[in-house]
Trainee: 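Pasting in a structure now, in structure tokens, and then I'll have a few things to ask.
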Amino acid sequence: MREALSLWLRKAPRNVFLFDGAGAAMSAMLILGPLWFFSEEIGVSRDLLWLLGLVACLFCLYDLICFVSVKTEKPNLLKVIMLANLSYVLLTMWILFIQRSEVTAIGWLYFISEFLVIAFVIKTEMDILKGWTGGKSESREAK
């Protein structure tokens, strides 16, 4: 399955933004939907869930703009979303840390699962980036 996904992502450079955007949309829907309504059962306040959902919506919007406008490989745009994904994980970890005494097993299970999915996404994006740049950092002259 990973090979099929990798092939599809390499087929058209903009597909990577569709892939990432779908993940961001799924996170936003889960966080602003069932998790928000059952915030007491997961042990994270609605305000903080709203913040995470808003961030996921912004990532989805960024990915959508990139998907619509990118026709060729744009390593810097991909680096932005990779950094954003990592920042989202760090923000979520910070939220879980400050609410650790309230977070339930269901909450931990959801967010650890989300971390694993995001790690898979970042790893896949790193592989795509290496393919775009030939494993090298993009030089300033190439911009």
Trainee: Got a second to check how far Thr133's OG1 is from Lys79's NZ, nearest 0.5 Å?
Mentor: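 Result: 7.0 Å between the selected atoms.
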
Trainee: Mind checking the CH2-CZ spacing from Trp108 to Phe115? Nearest 0.5 Å is all I need.
Mentor: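 Here the interatomic distance stands at 7.5 Å.
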
Trainee: Are any non-hydrogen side-chain atoms of Met82 and Asn85 less than 4.5 angstrom apart?
Mentor: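 Not touching, per the 4.5 Å side-chain cut-off.
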
Trainee: Measure from the side-chain N and O atoms of Ser27 to the backbone N and O of Ala56, and report whether any donor-acceptor pair falls under 3.5 Å.
Mentor: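 Answer holds: no.
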
Trainee: Are the side chain of Gln99 and the backbone of Ser45 linked by a donor-acceptor contact shorter than 3.5 Å?
Mentor: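 Judged by distance alone, yes, a pair lies under 3.5 Å.
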
Trainee: Take atom CD in Glu102; do more than 12 heavy atoms of anything else shown fall under 6.0 Å from it?
Mentor: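 Yes.
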
Trainee: Would you confirm whether Tyr62, through its side chain, and Leu77, through its main-chain N or O, come within 3.5 Å as a donor-acceptor pair?
Mentor: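 Yes: the side chain of Tyr62 pairs with the backbone of Leu77.
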
Trainee: Inspect the surroundings of CH2 in Trp50 and state if more than 12 heavy atoms from other residues, nucleotides or ligands are less than 6.0 Å away.
Mentor: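 No - once you tally the heavy atoms of other residues, nucleotides and ligands closer than 6.0 Å, there are 12 at most.
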
Trainee: Hey, is the main chain of Val68 close enough, under 3.5 Å, to the side chain of Lys71 for a donor-acceptor pair?
Mentor: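 Answer holds: yes.
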
Trainee: A side-chain contact here means heavy atoms from C-beta on lying under 4.5 Å apart; do Phe111 and Ile106 qualify?
Mentor: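 Answer no - side chains too far apart.
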
Trainee: Any idea which heavy atoms bring Leu35 and Leu49 closest together, and the distance?
Mentor: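 Looks like O-CD1, 3.4 Å.
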
Trainee: Can you name the closest pair of heavy atoms from Leu78 and Glu125 and give their distance?
Mentor: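 Closest approach of Leu78 to Glu125: CD2-O, 3.7 Å.
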
Trainee: Return the orientation label for the Phe17 and Trp132 ring planes: parallel under 30°, perpendicular over 60°, tilted otherwise.
Mentor: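 Taking Trp132 first and then Phe17, their aromatic rings sit tilted (interplane angle of 30° to 60°).
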
Trainee: What heavy-atom pair brings Leu86 and Ile122 nearest, and what distance separates the two atoms?
Mentor: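 It is N-CD1, 3.9 Å.
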
Trainee: What are the two closest non-hydrogen atoms of Cys57 and Leu32, and how far apart are they?
Mentor: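 Minimum heavy-atom contact is SG-CD1, 4.0 Å.
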
Trainee: Using side-chain heavy atoms (C-beta onward) and a distance below 4.5 Å, is Leu48 in contact with Ile98?
Mentor: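 Yes; the side chains approach each other to less than 4.5 Å.
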
Trainee: List the atom of Val44, the atom of Ser39, and the distance in Å for their closest heavy-atom pair.
Mentor: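 Scanning both residues, the minimum pair turns out to be O-CB, 3.2 Å.
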
Trainee: Write down the atom of Phe59, the atom of Ala24, and the distance for their closest heavy-atom approach.
Mentor: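 Heavy atoms of Phe59 and Ala24 come nearest at CB-CB, 4.0 Å.
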
Trainee: What's the separation between atom CD1 in Ile95 and atom CE in Met93, rounded to the nearest 0.5 Å?
Mentor: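 Nearest 0.5 Å value for the CD1-CE distance: 12.0 Å.
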
Trainee: Within the 4.5 Å heavy-atom criterion, are Phe67 and Asn15 side-chain neighbours or not?
Mentor: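 Phe67 reaches Asn15 side chain to side chain.
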
Trainee: Under the 6.0 Å and 45° cation-pi test, does Arg100 pair with Phe97?
Mentor: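 Ring-cation test returns yes.
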
Trainee: To the closest 0.5 Å, what do you measure between CD1 (Ile118) and CG (Asp20)?
Mentor: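 Answer for the CD1-CG pair, Ile118 versus Asp20, is 9.0 Å.
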
